[in-house]
There are 2 protein chains.
Amino acid sequence: MRPIIIGFGLLILCLLVLFKIAEVNFMQGNIRLEIVVAVAAIIFFFVGLYFNQRNNQKQETIPPVSNHSTDIPDQEQIKKLGLTAREHEVLVKMAAGCSNQEIAAQLFLSESTIKTHVSNILFKLDVKRRTQAIQAARQLKIVL
Amino acid sequence: MRPIIIGFGLLILCLLVLFKIAEVNFMQGNIRLEIVVAVAAIIFFFVGLYFNQRNNQKQETIPPVSNHSTDIPDQEQIKKLGLTAREHEVLVKMAAGCSNQEIAAQLFLSESTIKTHVSNILFKLDVKRRTQAIQAARQLKIVL
DNA sequence: AGTGTTTTCATCCTTTAGTATGAATACTTT
DNA sequence: AAAGTATTCATACTAAAGGATGAAAACACT
């Protein structure tokens, strides 16, 4: 994270310096308005390119590949997260693509109960949606 | 094709007009150099974003043949299912746990469009929910 | 018996997902 | 240039998911 901040800092600094140079030269009548604007346009065109590229690359890093060496057993991760037995059970069925209603039917519980469990699961996994929970659980090896 | 040309023509025209207005006002001392440069920077930042987006979309449809023997790719499965390039793109983000809104933002599309794509994906994968789609896609090696 | 956790369920409410339909534009292929 | 496919977007609707809160019952442990 730090390199990014430093990089951006340097970039902004360079841009400010460039702008100042341009300003001074412009005031002295050395260069014309068109040139200044054109340079700014070109620079920020590429900044736009870079930003978009970054954005696209980020999404590809979201699902990181699992490593076999640090294969942490389920139970440890589950304990770390504080997941109860029932919650784990629900989580597995969630990952299998079941709806709350289906999970309730399979476990002979009410949908309300499942919703409560799901809410707790989301909280403990620190995610917002069940699809993210599935992702997280897969990365943590607590579901297949 | 014509609308694109017309669109670009209009865009360039607008930019020229804007620039001329800025130039005149600038010479009269109504606005400052910073403002002109800033506006140009912002505009071309987004132009850069747009260009890169365009570019990426084209590139993904061009190189379909690159199978790493065992791993990820699965062009065949995608073809079998009749998934389009865009649908596959959406499917990947779905599997990453993104909401429709997030996918829309990342691809610079409206949520309506994403919903349409998701619906088509669900139909083509013969499932009812996005969580099932993720499961199915994983089994078919369409996503990691 | 008392304490703390787990499991269960409910209700009200808001947000997100998903369906159906129609339509305009863009891209590809012939 | 025409035709088929793909992409985009909108609106209106229904279904599912999720948040917040409260609460009863079961269970383990001391």
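Within every chain, numbering begins at 1; the chains are lettered A, B, ... in the order of the sequence lines, protein sequences first and strands thereafter. Computed from a predicted model, the values in this text were never measured in an experiment.
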Within less than 4.0 Å of OP1 or OP2 of [N], is there a side-chain N or O belonging to [X]?
{"X": "B/His117", "N": "D/dT8", "answer": "yes"}
{"X": "B/Ser119", "N": "C/dT19", "answer": "yes"}
{"X": "B/Thr113", "N": "D/dC9", "answer": "yes"}
{"X": "A/Ser110", "N": "C/dA10", "answer": "yes"}
{"X": "A/Arg86", "N": "C/dT8", "answer": "yes"}
{"X": "B/Thr116", "N": "D/dT8", "answer": "no"}

Worksheet entry | salt bridge (charged side-chain N to carboxylate O under 4.0 Å, His left out) partners of residues 87-103 of chain A, not counting sequence neighbours, each pair once |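 Checked against salt bridge (charged side-chain N to carboxylate O under 4.0 Å, His left out) - neighbours excluded - the pairs reaching residues 87-103 of chain A are A/Arg86-A/Glu89, A/Glu87-A/Lys124, A/Glu102-B/Arg129.
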Quick one: [X] [atom1] to [N] [atom2], roughly how many Å, whole number?
{"X": "A/Lys115", "N": "C/dT14", "atom1": "NZ", "atom2": "P", "result": "14 Å"}
{"X": "B/Asn120", "N": "C/dA17", "atom1": "CG", "atom2": "C1'", "result": "15 Å"}
{"X": "B/Glu111", "N": "C/dT19", "atom1": "CD", "atom2": "P", "result": "14 Å"}
{"X": "B/Gln132", "N": "D/dA17", "atom1": "CD", "atom2": "C1'", "result": "15 Å"}
{"X": "B/Ile134", "N": "D/dA17", "atom1": "CD1", "atom2": "P", "result": "13 Å"}
{"X": "A/Ile114", "N": "D/dG18", "atom1": "CD1", "atom2": "C1'", "result": "14 Å"}
{"X": "B/Lys128", "N": "C/dT19", "atom1": "NZ", "atom2": "C1'", "result": "10 Å"}
{"X": "B/Leu109", "N": "D/dA6", "atom1": "CG", "atom2": "C1'", "result": "13 Å"}

Discussion item. With nearest nucleotide decided by heavy atoms, which residue, B/Glu87 or B/Arg129, maps closer to the 5′ end of DNA chain D?
Written reply: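 Taking each residue's closest nucleotide, the earlier one in sequence belongs to B/Glu87.
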Worksheet item: How many angstroms lie between CG in A/Asp126 and CD1 in A/Ile121, if you round to the nearest 0.5 Å?
Response: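 These two atoms lie 14.0 Å from each other.
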May I ask you to test the [X]-[Y] pair for a side-chain heavy-atom distance under 4.5 Å?
{"X": "B/His88", "Y": "B/Ile142", "answer": "yes"}
{"X": "A/Asn120", "Y": "A/Thr84", "answer": "no"}
{"X": "A/Leu140", "Y": "A/Leu125", "answer": "yes"}
{"X": "B/Val118", "Y": "B/Arg130", "answer": "yes"}
{"X": "B/Val36", "Y": "B/Asn25", "answer": "no"}

Item to complete: Would you mind classifying the nucleic acid contact of A/Thr84 as base, sugar-phosphate or nothing, using non-hydrogen atoms under 4.0 angstrom?
Response: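 A/Thr84: backbone/sugar contact only, no base atoms under 4.0 Å.
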Worksheet item: For the side chain of B/Arg130, counting heavy atoms from C-beta on, which of D/dG19, C/dA17, D/dC9 is nearest?
Response: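 Selected nucleotide (nearest to the side chain): C/dA17.
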Worksheet item: Taking the side chain of A/Leu122 as its heavy atoms from C-beta onward, which of C/dG18, C/dT8, D/dG19 lies nearest to it?
Response: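 That would be D/dG19.
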Practice prompt. Tell me which residues in residues 91-102 of chain A put a heavy atom below 4.0 Å from DNA chain D, sorted by number, or none.
Written response: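 Residues of residues 91-102 of chain A under 4.0 Å from DNA chain D: A/Ser99, A/Asn100.
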Practice prompt. Would you kindly confirm whether B/Val127 and B/Ile134 end up in one hydrophobic cluster when ILVMFWY residues are joined by side chain heavy atoms under 4.5 Å apart?
Written response: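 The answer is no; the residues belong to distinct hydrophobic clusters.
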